[in-house]
Amino acid sequence: MVIKMENSKRILLFDLDGTLLRDDKTLSEYTLKTLSKCKERGYLIGISTSRGEQNCLGFLRDLKPDILISSGGALARLNGAIIHTSSFSVDETEKLIATARNICGMDCEITVDTLDAHYWNYKISPKEQDKSWGESIYTDFNDFRQEALKICVEIHDTDLAEKLCENLSEFDSKRFSDGDWYKFTKSGITKESAISAVCKACNVSESEIIAFGDDYADIGMLKLCGIGVAMGNAIQEVKDIADDITLSNEEDGVAVYLEKKSYSGI
């Protein structure tokens, strides 16, 4: 049996939605204070999210993470510099959008992350549904010719979702548990692949990371890292593979755990 030594951890890595953020998409002062204390003690603070970079920057102005993994692992930055990126080609992006519309209907809702922007064709503006939503650009995707880091499609019919994933089996796909959205990235591009790139750049091993998450896209990350912590609100599949479970995101589970384990020194 391998004993995971907590004091050997050098990177603290957090999913955003359902993990670091409360349900109202804010970072509590308690959490910010605790992470600041961790940073003072020499820990690198990292974010690993399925959100596009432009979409999550508004949450991070006060946090200023050292590591930012976005678009489900398609983009990773260390201290602002890109250390890992993988995009669909223009032709692959066009094919994926066309396939989604052919199978799920021309009016299916789609979002696309590029290196510089977040595009959408929602019937209702994301900002009307969620005031915390980042900068987004509306497009009907009829003549969309750009490389894409990540593409998401809303599919209410599970049979159609399975058909789409089968038709796009050369790409990676994941469903989000809190809705009918499916995320597509290049094959092999996951949060785990980005974490490996971060470890190489930082000259650390995955065993030196403690990671927190709550959803399907976090399972690989929690299994890969030295300690994987499930939030109290996590889906059961995440709790089943986690090394530990903390309180929910509404109860500042991240901060409570870090204090309990003395990462913050508080």
Side-chain angles (χ1 to χ4, degrees), residues 3-51 53 56-70 73 76-81 83-84 191-192 194-215 217-218 221-234 238 242-266:
I3 303 298
K4 299 178 179 179
M5 299 299 292
E6 293 179 9
N7 60 6
S8 69
K9 300 297 172 285
R10 297 174 59 186
I11 296 176
L12 305 176
L13 193 59
F14 311 99
D15 173 49
L16 274 181
D17 296 277
T19 301
L20 202 59
L21 299 178
R22 289 183 166 179
D23 289 346
D24 63 0
K25 307 304 180 186
T26 61
L27 272 167
S28 73
E29 288 299 320
Y30 175 30
T31 294
L32 282 170
K33 178 184 175 182
T34 303
L35 294 183
S36 178
K37 290 289 186 181
C38 291
K39 205 165 186 176
E40 288 173 9
R41 298 193 73 198
Y43 294 103
L44 294 178
I45 303 299
I47 299 298
S48 180
T49 178
S50 292
R51 283 181 180 259
E53 183 177 67
C56 66
L57 288 177
F59 305 116
L60 306 177
R61 293 189 182 97
D62 294 328
L63 181 59
K64 298 180 178 62
D66 305 288
I67 298 158
L68 178 54
I69 296 171
S70 57
R77 293 184 187 268
L78 176 62
N79 296 323
I83 59 170
H84 168 81
K191 290 186 177 185
E192 302 92 88
I195 290 168
S196 295
V198 167
C199 287
K200 184 176 180 180
C202 294
N203 194 29
V204 302
S205 73
E206 288 85 352
S207 65
E208 296 176 275
I209 302 175
I210 177 170
F212 296 75
D214 72 300
D215 208 346
D218 302 319
M221 175 175 77
L222 267 58
K223 292 171 69 174
L224 175 69
C225 294
I227 296 177
V229 182
M231 304 301 294
N233 52 284
V238 172
D243 298 301
D244 211 343
I245 300 174
T246 187
L247 300 178
S248 73
N249 62 320
E250 282 289 274
E251 300 169 292
D252 292 318
V254 165
V256 170
Y257 186 91
L258 293 173
E259 285 195 5
K260 180 181 178 181
K261 299 296 183 179
S262 299
Y263 285 96
S264 65
I266 297 175

**Q** Any side-chain heavy-atom pair from Asp218 and Ser48 closer than 4.5 angstrom?
**A**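 Counting from C-beta outward, Asp218 and Ser48 never come under 4.5 Å.
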
**Q** As an exercise, state the distance from NE2 of His84 to CD1 of Ile195, rounded to the nearest 0.5 Å.
**A**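 CD1 of Ile195 is found 10.0 Å from NE2 of His84.
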
**Q** Out of curiosity, Asp244 CG to Phe212 CZ, how far, rounded to the nearest 0.5 Å?
**A**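 Taking CG in Asp244 and CZ in Phe212, the distance rounds to 8.5 Å.
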
**Q** Mind listing the closest non-hydrogen atom pair of Cys199 and Ile209 along with its distance?
**A**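 Smallest heavy-atom distance, with atoms named: SG-CD1, 3.6 Å.
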
**Q** Quick one: do Arg77 and Glu53 make a salt bridge, cutoff under 4.0 Å?
**A**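 Answer for the salt bridge query: yes.
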
**Q** If we only count heavy atoms from C-beta on, is the Tyr30 to Val256 side-chain gap below 4.5 Å?
**A**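 A side-chain contact exists here, since the closest heavy-atom pair is under 4.5 Å.
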
**Q** Between Ile11 and Glu208, does a side-chain contact (heavy atoms from CB on, under 4.5 Å) hold up when you go through it step by step?
**A** CA-CA 6 Å; Ile11 296 176; Glu208 296 176 275; over 6 Å; no

**Q** Rounded at 0.5 Å granularity, tell me how far CG in Leu224 sits from OG in Ser196.
**A**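 Rounded to the nearest 0.5 Å, the CG-OG separation comes out at 5.5 Å.
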
**Q** In Å, rounded to the nearest 0.5 Å, how long is the span from CG of Leu258 to CZ of Arg41?
**A**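 Going from CG on Leu258 over to CZ on Arg41, the span is 10.5 Å.
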
**Q** What pair of heavy atoms forms the shortest contact from Ala197 to Ile83, and how long is it?
**A**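 Ala197 and Ile83 have their closest heavy atoms at O-CD1, 4.0 Å.
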
**Q** Side chains of residues 58-70: which donor-acceptor partners sit under 3.5 Å, not counting sequence neighbours?
**A**
{"from": "Lys64", "atom 1": "NZ", "to": "Arg61", "atom 2": "O", "distance (Å)": "2.8"}
{"from": "Asp66", "atom 1": "OD2", "to": "Ile45", "atom 2": "N", "distance (Å)": "2.8"}

**Q** Residues in side chain to side chain donor-acceptor pair (under 3.5 Å) with Glu250, at least two apart?
**A**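 Partners of Glu250 under the side chain to side chain donor-acceptor pair (under 3.5 Å) test: none.
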
**Q** To the nearest 0.5 Å, tell me how far Met231 CE sits from Thr246 OG1.
**A**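 Met231 CE to Thr246 OG1: 6.0 Å, rounded to 0.5 Å.
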
**Q** Do you know which two heavy atoms are closest between Leu222 and Ala230, and how far apart they sit?
**A**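 Reported closest heavy-atom pair: CD2-N, 4.0 Å.
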
**Q** Can you tell me how far apart OG (Ser205) and CZ (Arg10) are? Round to the nearest 0.5 Å.
**A**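 Going from the OG atom of Ser205 to the CZ atom of Arg10 covers 9.0 Å.
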
**Q** Using the side chain to side chain donor-acceptor pair (under 3.5 Å) criterion, which residues pair with Thr26? Sequence neighbours excluded.
**A**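 Here the qualifying residues are Asp24.
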
**Q** Would you please name every residue forming a side chain to side chain donor-acceptor pair (under 3.5 Å) with Ser28, sequence neighbours left out?
**A**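 In terms of side chain to side chain donor-acceptor pair (under 3.5 Å), with neighbours along the sequence ignored, Ser28 is linked to Thr31, Asp252.
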
**Q** Would you please classify the geometry between the Tyr263 ring and the Tyr257 ring as parallel, tilted or perpendicular, with 30° and 60° separating the classes?
**A**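 Parallel.
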
**Q** Which pair of heavy atoms, one from Ala194 and one from Gly73, lies closest together, and at what distance?
**A**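 The answer is CB-O, 3.6 Å.
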
**Q** With heavy-atom distances below 4.5 Å as the criterion, would you say the side chains of Cys202 and Leu78 are in contact?
**A**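 Contact flag for Cys202/Leu78 side chains = yes.
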
**Q** Ile245 and Val229: side-chain contact (heavy atoms from CB on, under 4.5 Å), yes or no, with the steps?
**A** CA-CA 5 Å; Ile245 300 174; Val229 182; 5.9 Å; no

**Q** Given side chains that start at C-beta, do those of Cys225 and Ile210 come closer than 4.5 Å, heavy atoms only?
**A**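 Side chain of Cys225 against side chain of Ile210, heavy atoms only: no contact under 4.5 Å found.
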
**Q** For Asn79, which residues count as a side chain to side chain donor-acceptor pair (under 3.5 Å) partner, sequence neighbours excluded?
**A**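 Side chain to side chain donor-acceptor pair (under 3.5 Å) check on Asn79 returns nothing, list empty.
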
**Q** Only pairs under 3.5 Å count here: list side-chain donor-acceptor contacts from residues 12-20, not counting sequence neighbours, and write none if there are none.
**A**
{"from": "Asp15", "atom 1": "OD1", "to": "Lys191", "atom 2": "NZ", "distance (Å)": "3.3"}
{"from": "Asp15", "atom 1": "OD2", "to": "Thr19", "atom 2": "OG1", "distance (Å)": "3.1"}
{"from": "Asp17", "atom 1": "OD1", "to": "Lys25", "atom 2": "NZ", "distance (Å)": "2.7"}
{"from": "Asp17", "atom 1": "OD1", "to": "Arg51", "atom 2": "NE", "distance (Å)": "3.4"}
{"from": "Asp17", "atom 1": "OD1", "to": "Arg51", "atom 2": "NH2", "distance (Å)": "2.9"}
{"from": "Asp17", "atom 1": "OD2", "to": "Arg51", "atom 2": "NE", "distance (Å)": "2.7"}
{"from": "Thr19", "atom 1": "OG1", "to": "Asp214", "atom 2": "OD1", "distance (Å)": "3.1"}

